[in-house]
Amino acid sequence: MSDSPLRLALVSHPDNLPTRSETLRRVRGGEVTVTADSLAAATGGDGEFDAAVVDSSADAAGAIAAGKHVLVGAPVADSLEETEELLKAADEAGVFLAVGGLPVNVPANRVILDRLSSGKLGEPGLLRVHCWSGESSRSLASKLYGHIDLALRIFGSRPAELYCVARGDQSYLQVHLGFAGGGMAVLDFSDRLPAGQGYDSLSLIGSSGAAYSDDHHNSHLLFAGGNPAALIDDCGDGLLHEVQTFVDAIAGEALPPRDGETILAVHRVLEAIGRSSESAGVLHDRGGSYEPA
């Protein structure tokens, strides 16, 4: 392993670059040497890099084509087919493809998973999630990927059956996932809030304990004249943890942060949720694909 830090290209929206660059200064064994709003701008400049942290599947594909390791923001791509192509390209190029921007890496959720894996919560029984935001044009995969990934991690398997109710051209979704052994996840997603701060909450009931991560409990009153406002404390988005894991994996100090089959498992569930929302029917796991009874 080289003693030189891994050179990172940070490719993101210009509004996000200053904050993210500052966060990644704390990565051990890695150094941001290029910042840009597109991969084309990153590769066309004077800086050199070994790996890229990007937001879009298009930039991820470009990084892979250039032989660079890449950490791409969830959901990797908007469809199962695109995701399969991207994973195949990464495998053929011999580079890591990792996924970032996941709720599983938020500090509060990492604590919950730690308590679950240590046995303090017993067997997971019911996972309840609310994820509400202002109006957006995000794809179904963009809305759901992170929390579907989290649910599969909590229960340690893909769901045996699933059902989705959609309203308002998918501006509101309620997803039911049923797991072998009786465990269940109920997740709802809404884009109906006014523009501004959204709301997220997660609660998990196990056979011997419970835990939650809720914006309501991280809110503080701001008195500035007139009616007070509520400010939600920023407990961290997990970016530093994700990039550190990515850098360690490339350096050979840890296992790859994600594997292709895990990524595909999430996308297979997402594809099935889309079909369930259109048919209003329950779908059952038939060896990796989801079909009606």
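What's counted below: heavy atoms across the whole structure, side chains too, no hydrogens, waters or symmetry copies.
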Engineer: In terms of heavy-atom contacts, does CG of Asn227 have more than 12 from other residues, nucleotides or ligands at under 6.0 Å?
Structural biologist: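 No - once you tally the heavy atoms of other residues, nucleotides and ligands closer than 6.0 Å, there are 12 at most.
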
Engineer: Is any side-chain N of the basic residue among Asp114 and Arg110 closer than 4.0 Å to the acidic one's carboxylate O?
Structural biologist: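 Salt bridge between Asp114 and Arg110, a charged N being under 4.0 Å from a carboxylate O: no.
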
Engineer: Can you check whether Gly122's main-chain N or O pairs, donor with acceptor, with Ser208's side chain at less than 3.5 Å?
Structural biologist: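 Yes; judged by distance alone, with no hydrogens or angles, the pair exists.
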
Engineer: Under 4.5 Å between any side-chain heavy atoms of Trp132 and Asp188, yes or no?
Structural biologist: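 When only atoms from C-beta onward are counted, Asp188 and Trp132 do touch, with a gap below 4.5 Å.
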
Engineer: Measuring only between side-chain heavy atoms, which start at C-beta, is Thr43 closer than 4.5 Å to Phe49?
Structural biologist: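 Yes, their side chains come closer than 4.5 Å.
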
Engineer: Under a plain distance cut-off of 3.5 Å, with no hydrogens placed, do Ser203 and Arg128 share a side-chain donor-acceptor pair?
Structural biologist: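 Short answer, no.
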
Engineer: Thr19 side chain to Asn16 main-chain N or O, any donor-acceptor pair under 3.5 Å?
Structural biologist: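 Pair absent, no side-chain N/O of Thr19 close to backbone of Asn16.
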
Engineer: Side-chain contact, heavy-atom cut-off 4.5 Å: Leu173 with Leu140?
Structural biologist: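 A side-chain contact exists here, since the closest heavy-atom pair is under 4.5 Å.
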
Engineer: I'd like to know if the side chain of Thr33 reaches the main chain of Arg7, judged simply by a donor and an acceptor atom lying under 3.5 Å from each other, with no hydrogens or angles considered.
Structural biologist: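 No.
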
Engineer: Classify the ring geometry of His69 against Phe96: parallel below 30°, tilted from 30° to 60°, perpendicular beyond 60°.
Structural biologist: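 Answer is tilted, since the angle falls between 30° and 60°.
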
Engineer: Other residues, nucleotides and ligands only: do more than 12 of their heavy atoms fall within 6.0 Å of CZ on Arg25?
Structural biologist: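 Open.
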
Engineer: Give a yes or no on whether the backbone of Gly274 and the side-chain of Ser277 come within a donor-acceptor separation of less than 3.5 Å.
Structural biologist: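 Looks like yes, one N/O pair under 3.5 Å.
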
Engineer: Have a look at Leu80 and tell me which of Leu270, Leu264, Val269 forms a side chain to side chain contact (heavy atoms under 4.5 Å, CB included) with it.
Structural biologist: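 Only match with Leu80 under side chain to side chain contact (heavy atoms under 4.5 Å, CB included): Leu264.
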
Engineer: So do the side chains of Ser213 and Val106 get within less than 4.5 Å of each other, counting heavy atoms only?
Structural biologist: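 No, too far: nothing below the 4.5 Å cut-off.
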
Engineer: Dump the intermediate steps for side chain to side chain contact (heavy atoms under 4.5 Å, CB included) on Ile154 and Leu150, then the final yes or no.
Structural biologist: CA-CA 6 Å; Ile154 285 173; Leu150 181 59; 4.0 Å; yes

Engineer: Taking the side chain as C-beta and beyond, is there a heavy-atom pair between Val72 and Asp59 under 4.5 Å?
Structural biologist: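 Side chain of Val72 against side chain of Asp59, heavy atoms only: no contact under 4.5 Å found.
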
Engineer: So does Glu261 have more than 12 non-hydrogen atoms from other groups sitting under 6.0 Å from CD?
Structural biologist: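 Result for CD/Glu261: enclosed.
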
Engineer: Apply side chain to side chain contact (heavy atoms under 4.5 Å, CB included) to the pair Ile250 and Val247, showing each step before the final yes or no.
Structural biologist: CA-CA 5 Å; Ile250 294 171; Val247 169; 5.9 Å; no

Engineer: Can you check whether Val243 reaches Leu8 side chain to side chain, under 4.5 Å on heavy atoms?
Structural biologist: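 Sidechains of Leu8 and Val243: in contact.
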
Engineer: Using only atom types and a distance under 3.5 Å, with no angle test, would you say the side chain of Gln174 pairs donor to acceptor with the backbone of Val186?
Structural biologist: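 Pair absent, no side-chain N/O of Gln174 close to backbone of Val186.
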
Engineer: Do the side chains of Glu271 and Arg275 get nearer than 4.5 Å, heavy atoms only?
Structural biologist: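 Contact flag for Arg275/Glu271 side chains = yes.
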
Engineer: Is Ile148 close to Leu177 at the side-chain level, that is, under 4.5 Å between some pair of heavy atoms?
Structural biologist: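 Yes. Closest side-chain heavy atoms under 4.5 Å.
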
Engineer: Take Ile263 and Tyr145 through the side chain to side chain contact (heavy atoms under 4.5 Å, CB included) test and state the conclusion after the steps.
Structural biologist: CA-CA 10 Å; Ile263 294 171; Tyr145 184 103; 3.8 Å; yes

Engineer: Applying side chain to side chain contact (heavy atoms under 4.5 Å, CB included), run through Val175 and Cys164 and close with a yes or a no.
Structural biologist: CA-CA 4 Å; Val175 177; Cys164 178; 4.0 Å; yes

Engineer: Crowded around Glu291 CD? As in, over 12 foreign heavy atoms under 6.0 Å?
Structural biologist: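 Yes - once you tally the heavy atoms of other residues, nucleotides and ligands closer than 6.0 Å, there are more than 12.
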
Engineer: Distance-only, no hydrogens or angles: does the Glu242 side chain make a donor-acceptor pair with backbone N or O of Leu102 under 3.5 Å?
Structural biologist: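 Yes, the answer is positive, given that a donor and an acceptor are paired below the 3.5 Å cut-off.
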
Engineer: At their closest point, which heavy atom of Ser190 faces which heavy atom of Tyr172, and how far apart are they?
Structural biologist: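 Shortest heavy-atom contact: CB-CD1, 3.9 Å.
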
Engineer: Run the side chain to side chain donor-acceptor pair (under 3.5 Å) check on Asp55 and Ser12 step by step: do they pass?
Structural biologist: CA-CA 6 Å; Asp55 290 338; Ser12 187; 2.8 Å; yes

